[in-house]
Every structure is written in structure tokens, then in C-alpha cells.
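Notes for the one structure printed next.
Within every chain, numbering begins at 1; the chains are lettered A, B, ... in the order of the sequence lines, protein sequences first and strands thereafter. Hydrogens, waters and symmetry mates play no part in the numbers below; they use all other heavy atoms, side chains included.
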Protein chains: 2
Amino acid sequence: MNIGEASQASQLPTKTIRYYEEIKLIKPIRAENGYRTYSETDLHRLRFLQRSRSLGFSIEECRLLLSLYEDEDRASADVKRLALDKIGEIDRKLAELESLKATLSALATDCHGDDRPACPIIDDLAGRTSD
Amino acid sequence: MNIGEASQASQLPTKTIRYYEEIKLIKPIRAENGYRTYSETDLHRLRFLQRSRSLGFSIEECRLLLSLYEDEDRASADVKRLALDKIGEIDRKLAELESLKATLSALATDCHGDDRPACPIIDDLAGRTSD
DNA sequence: TTAAGGCTTCCAGCTACAGGAAGGTCAAGC
DNA sequence: GCTTGACCTTCCTGTAGCTGGAAGCCTTAA
């Protein structure tokens, strides 16, 4: 299977697949003409990577997950810890975004949004207090 | 005022301040010895940038906000639109993160997290359905 | 005079790819 | 046999927003 077909089957762009090879996440064999040839095993790895990336795991985390995936003697606790860590990371980002949203929403509510220059948003950014 | 003092006063690293100059967000004058010299106006801009960056605006958005900040004839509607757009962007990120969290949480709950290899998280990443 | 600290420029690296150029390969149609 | 177009190859550059580090000048105090 050539890279185009592997791309279709894994839902990953060819650019991404070549990049994953460059950083040694996969190593397809080469045909005589130099084309990359993907086995079913390679395809499984690509799909695994597509899914774990889409769940927010970094490349290095994916590398670790992949090694656990292929380790028959893995402990599920190791996998679960990665997932829980990622959930913690997501929680921190959520809290930060909620905080940003609250601040921006308050400012936007205070702003008339008309053609006059007076603007509480600019005042806040400039460090001017609103009283 | 030299860059170190400007850094303290604006809460921005010196590296960042030099970078902002490189991308033409500020243009401090130079002393005879070649040192950058920051005026009060420069300092206001730096603080404005620090605050707007911390609220999640991109560099290009900050550039726009800065021009509105310094435009006496601005319409507050222009500023408000930027803020509302940013809130929309934050909302989209929140939804995406919530979705990721829900998926990961469900998988983590299903995972025993012991020393055995059976793992619903890995199964999901591998595309195996859980039934 | 020397040492410490601050300043300068320049270059490399980070994440996870995407875009594009220049060129080889393959299958179909004429 | 030749062309055309789709596919493949490698290599280089760029993205955002800095950060780290090297090599070297400037300033101030002991």
C-alpha cells in the first residue's frame, strides 16, 4: 500500500505520515522504485496515532502510548495514569479559558459598542481602572 | 530607562521586549552606547501588550488593539467586536476541550488501572470497539 | 585593575506539521 | 512510442511567540 492509500485509510495527510516517519514513529519498507510501502501493521499504528493525537496527546505521549499498545505485558495502570494526567492538563486549560472568558465578557458587557471612542476594554488593557 | 527596568515595570521578559521591537510593535530610541531607552509612552505600550497578550489576543490582534488604543477617534464598536470574536474563539476551544475531557474520562473510568494488560483506553485508541 | 552584572547581536530550537519546488514513476490513451 | 496526468520522492522554508545560549561590549564598584 502506497502513502496515498495509507493516508485515506488512516485519515492522516501524507505530509503528516512522512513526518511521523522522520521522527521515527513508523518505518514503512521501501519498494524498488523508492516508494514507501505500508503494511497492515503500519496502518494500525497510523490509525492509533491519528486517534491518540485527536484526543489531545502530544507526539511524545503518543510514542509512549504506542509502546504500551504493543507491549503485551503492559500494566493498564500505566495507560490510565497518562489519561488522568491528560485530563488534569485539560482541566487546567479549561479553568484558564473560563477565567479569560469571564474577564472579556465583563469588559464587553460594559462597552457600549458604538461609534464613540470611550471604551472600557481599552481602558482595562491600558491599566486604567474603571472608577 | 534601560530594558531591564522596562522589563520589571511591564512584567515582560527582556527577550520578549526585544522580540516586540523586532516585529515593530515598539521602537525605543537608542542611547549613545547603543542601549535601548524606553520612554513612559513605550512603557505604556509594553504594559498594554502584556495585558492584551495575557487575555489571549494574538500578536496581530494586539497590533490592532494598540492602534485602536492610540486612535483618539476610534469607535468602541471596533474594540468590542474584537473582544466578542475572541470570546467566540474561546467558546469553541472550551467546547473542544470539554468533548476531549468527556471522552477521556469515560475511558479512564472503564479502565481498571491495575497491573494487568487489558485496557479499554488502548482498545479505543486502536479502534477496537468495547463490545 | 578586575570582576560582576547589564547590555548588544546573532543563531538555533521549540511543536507539529503545511506549502511548494524540482524531479522521478506509473498507467492509460493516442 | 509518446504524452499526459496522477502519484511519488527529497529538500527547503515558514508558521507563533518566544527562549536559550554564545561571543563580546559597557558600566559601576571595590
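B/Arg53 has no side-chain polar atom (N or O) that falls below the 4.0 Å cut-off from OP1 or OP2 of D/dA16. Between A/Thr16 and C/dA18 there is a side-chain N or O to OP1 or OP2 distance below 4.0 Å.
Counting only heavy atoms from C-beta outward, the side chains of A/Arg45 and A/Leu25 never approach each other to under 4.5 Å. You'll find the side chain of B/Tyr69 stays beyond 4.5 Å of the side chain of A/Leu125, heavy atoms only. B/Tyr20 is not listed as a side-chain neighbour of B/Lys27, based on a closest heavy-atom distance of 4.5 Å or more.
Distance CD (A/Gln8) to C1' (D/dA6): 13 Å, rounded to an integer number of Å. Rounded to whole angstrom, the span from the CD1 atom of B/Ile3 across to the C1' atom of C/dG6 amounts to 11 Å. Taking atom CD1 of residue B/Ile17 and atom C1' of nucleotide C/dC7, one finds them 13 Å apart after rounding to whole Å. Atom CZ of B/Phe57 and atom P of D/dC18 are 15 Å apart (whole Å).
Of all heavy-atom pairs spanning A/Leu65 and A/Ser52, the tightest one is CD1-CB, 4.1 Å. Of all the heavy atoms in A/Cys111 and A/Cys119, the pair that sits closest is SG-SG, 3.8 Å.
Salt-bridge formation is detected for the pair A/Arg63/A/Glu60: a Lys NZ or Arg NE/NH1/NH2 atom is positioned less than 4.0 Å from an Asp or Glu carboxylate oxygen. One finds no salt bridge joining A/Glu21 and A/Lys15 here, because no Lys/Arg side-chain nitrogen approaches an Asp/Glu carboxylate oxygen to under 4.0 Å.
A donor-acceptor contact under 3.5 angstrom links the side-chain atoms of A/Lys15 to the base of C/dG20.
Fit an axis to the five pairs at each end of the helix from C/dT1-D/dA30 to C/dC30-D/dG1 and the two axes sit 30° apart, to the nearest 10 degrees.
For A/Glu96, the CD atom is loosely surrounded, since the number of other residues' heavy atoms within 6.0 Å does not exceed 12.
For the contact set between residues 18-52 of chain B and DNA chain C, defined by any heavy atom under 4.0 Å, the members are B/Arg18, B/Arg30, B/Gly34, B/Tyr35, B/Arg36.
Residue B/Thr14 is classed as having no contact, given no heavy-atom separation below 4.0 Å to the nucleic acid.
Side chains of A/Asn2 and A/Thr37: a donor-acceptor N/O pair is absent below 3.5 angstrom, by distance only.
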